[in-house]
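Down below is the structure, laid out as structure tokens.
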Amino acid sequence: MIIARSASELKAALESKQGSLGFVPTMGALHIGHRTLIEAARRDNETVVVSIFVNPTQFLPGEDLSKYPRREEADFKICELSGVDILFYPEVSAMYKEDEVRVIAPDIRGYILEGASRPGHFDGVLTVVMKLLNMVHPTRVYFGKKDAQQLALITQMCENFFMDIEIVPMETVRESDGLALSSRNVYLNESQRQEALKLSSALKEATKMVMQGNIRGNEIKGAMLKLLEPLEVEYVAIVNRQFEALDEVMIGNTIVLVAARVGPTRLIDNVWM
Ligand code: PAF
């Protein structure tokens with residue numbers, strides 16, 4: 001595995017590679033969810049590139065960037081064992097200069113739900129993803145469905161900027177008890193971890209209601225909110241794949257989402273129907 005730490009090192013590493021290229025952008029603290037993305041990239045492509053970069057521009061003032069989990073040694077091992085060809089591991093100075101051009105998320109879709117709770121977050125995500133895609137030139141790029149709004153916005157960015165890249169959405173990976181894997185789960189103590197299960201239980205209830213024929217948004221959201229008590233819920237929402245609010249579930253074009261705080265840790269989860 002080649003480790004590239006700058007744009008020029010990455011360019012040199014990519015020069016000898018031929019055929020399709022699968023790319024998995026990450027912020028490190030890799031878990032089985034990331035491994036699933038890497039395995040899919042490995043299966044579908046001749047070359048696999050993973051980036052690990054804790055992107056400062058997607059953290060808001062007050063969000064503790066310095067506390068984001070960093071696991072350099074373990075992450076390198078996971079990449080190596082997963083058959084990654086090139087690991088891109090830049091410093092902030094290799095990615096950003098002063099006073100740069102930025103990508104701005106769309107007015108509505110970028111500023112609802114996650115974007116309302118974290119205004120400006122998606123500007124940072126889209127800016128860094130644009131940089132990474134331009135540096136790596138992948139055939140396919142792999143994202144988890146857990147960050148559904150991020151996935152929708154990156155898909156829109158690639159369409160709006162006519163970027164010829166296949167975006168491959170991958171299912172959320174869960175623990176056996178339903179907890180969605182997230183790098184933030186390391187912040188949970190044992191009792192918080194139990195409380196965190198309320199998110200997946202609420203989504204399971206939503207799925208059950210729809211399977212039983214109840215597609216009414218207000219009733220589904222009401223039942224979910226009851227199950228989420230006493231967590232501090234930021235939102236429960238029912239949207240279509242374009243992130244437009246729905247009054248009723250449309251099978252095949254709906255995402256039910258939840259964001260809540262478990263202690264100080266903010267968790268998100270969703271189910272696609
Ligand atoms: O989902 C993430 O880990 C990040 O938002 C991403 C896409 C790597 C951009 O920093």
Side-chain angles (χ1 to χ4, degrees), residues 4 7 10 22-38 40-41 48-60 63-72 74-75 78-79 82 84 86-92 94-96 100 102-105 109-110 113-115 117-136 138 140-158 161 163 165-173 180-187 243 255 257 259 265-270:
L10 178 63
F23 176 41
V24 182
T26 81
M27 297 211 299
L30 302 181
H31 51 65
I32 294 171
H34 295 111
R35 279 188 59 182
T36 311
L37 304 183
I38 298 171
V48 175
V49 179
V50 170
S51 65
I52 296 180
F53 179 61
V54 182
N55 172 39
T57 64
Q58 69 190 75
F59 288 80
L60 270 56
E63 290 183 350
D64 205 344
L65 166 67
S66 64
K67 286 221 180 94
Y68 196 84
R70 287 162 214 254
R71 304 259 154 79
E72 180 179 294
D75 285 352
I78 289 171
C79 288
S82 309
V84 171
I86 302 171
L87 173 60
F88 182 44
Y89 190 68
E91 297 278 348
V92 174
M95 292 296 285
Y96 288 105
E100 290 199 328
R102 275 170 289 163
V103 181
I104 304 293
R109 222 184 286 178
L113 306 176
E114 283 304 286
S117 300
R118 307 177 71 194
H121 164 71
F122 286 123
D123 299 352
V125 170
L126 295 178
T127 299
V128 80
V129 171
M130 173 69 96
K131 282 173 184 270
L132 290 166
L133 294 178
N134 285 333
M135 289 162 123
V136 176
R140 301 183 183 88
V141 58
Y142 296 77
F143 292 102
K145 286 183 173 179
K146 188 166 101 42
D147 292 305
Q149 198 174 353
Q150 164 174 287
L151 173 60
L153 287 165
I154 291 169
T155 306
Q156 182 180 350
M157 178 177 77
C158 289
F161 288 92
M163 297 159 77
I165 296 166
E166 185 186 335
I167 294 178
V168 186
M170 298 285 298
E171 292 305 325
T172 299
V173 181
L181 295 192
S182 161
S183 303
R184 292 195 159 89
N185 291 353
V186 297
Y187 300 136
F243 271 79
I255 311 173
L257 307 115
T265 307
R266 188 172 181 282
L267 297 177
I268 59 171
D269 199 355
N270 63 59

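As the structure lists them, so they are numbered: ligands from 1, and atoms in each ligand from 1.
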>> Taking ring-ring contact (aromatic ring centres under 6.0 Å, His included) as the definition, give me every residue that meets it alongside Tyr68, ordered by chain and number, with sequence neighbours left out.
In response: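 Counting only residues at least two positions away or on another chain, Tyr68 forms a ring-ring contact (aromatic ring centres under 6.0 Å, His included) with Phe59.
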>> Tell me every residue that passes ring-ring contact (aromatic ring centres under 6.0 Å, His included) with Tyr89, counting only those two or more places apart in sequence or in another chain.
In response: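 So Tyr89 forms a ring-ring contact (aromatic ring centres under 6.0 Å, His included) with Phe76.
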> Salt bridge between Lys131 and Glu100, side-chain N to carboxylate O under 4.0 Å?
Replying inline: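 Here Lys131 pairs with Glu100 in a salt bridge, since their nearest N and O are under 4.0 Å apart.
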>> Test of understanding: with side-chain hydrogen bond (donor to acceptor under 3.5 Å, both in side chains), list the residues that count as partners of Arg140, not counting sequence neighbours.
In response: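 side-chain hydrogen bond (donor to acceptor under 3.5 Å, both in side chains) list for Arg140, sorted by chain: Asn45, Glu166.
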> For Ser51 and Pro25, which heavy atoms make the closest approach, and how far apart are they?
Replying inline: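 Minimum heavy-atom contact is OG-CA, 3.3 Å.
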Atom pairs and distances, ligand 1 N/O vs protein N/O under 3.5 Å:
from     : atom 1 : to     : atom 2 : distance (Å)
ligand 1 : 1 (O)  : Gln150 : OE1    : 3.4
ligand 1 : 1 (O)  : Gln150 : NE2    : 2.8
ligand 1 : 5 (O)  : Gln58  : NE2    : 3.0
ligand 1 : 5 (O)  : Gln150 : OE1    : 2.7
ligand 1 : 10 (O) : Gln58  : OE1    : 2.6

>> Test your reading of the model: is there a side-chain donor-acceptor pair from Asn55 to the backbone of Met27, 3.5 Å cut-off?
In response: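 Such a contact is absent between Asn55 side chain and Met27 backbone.
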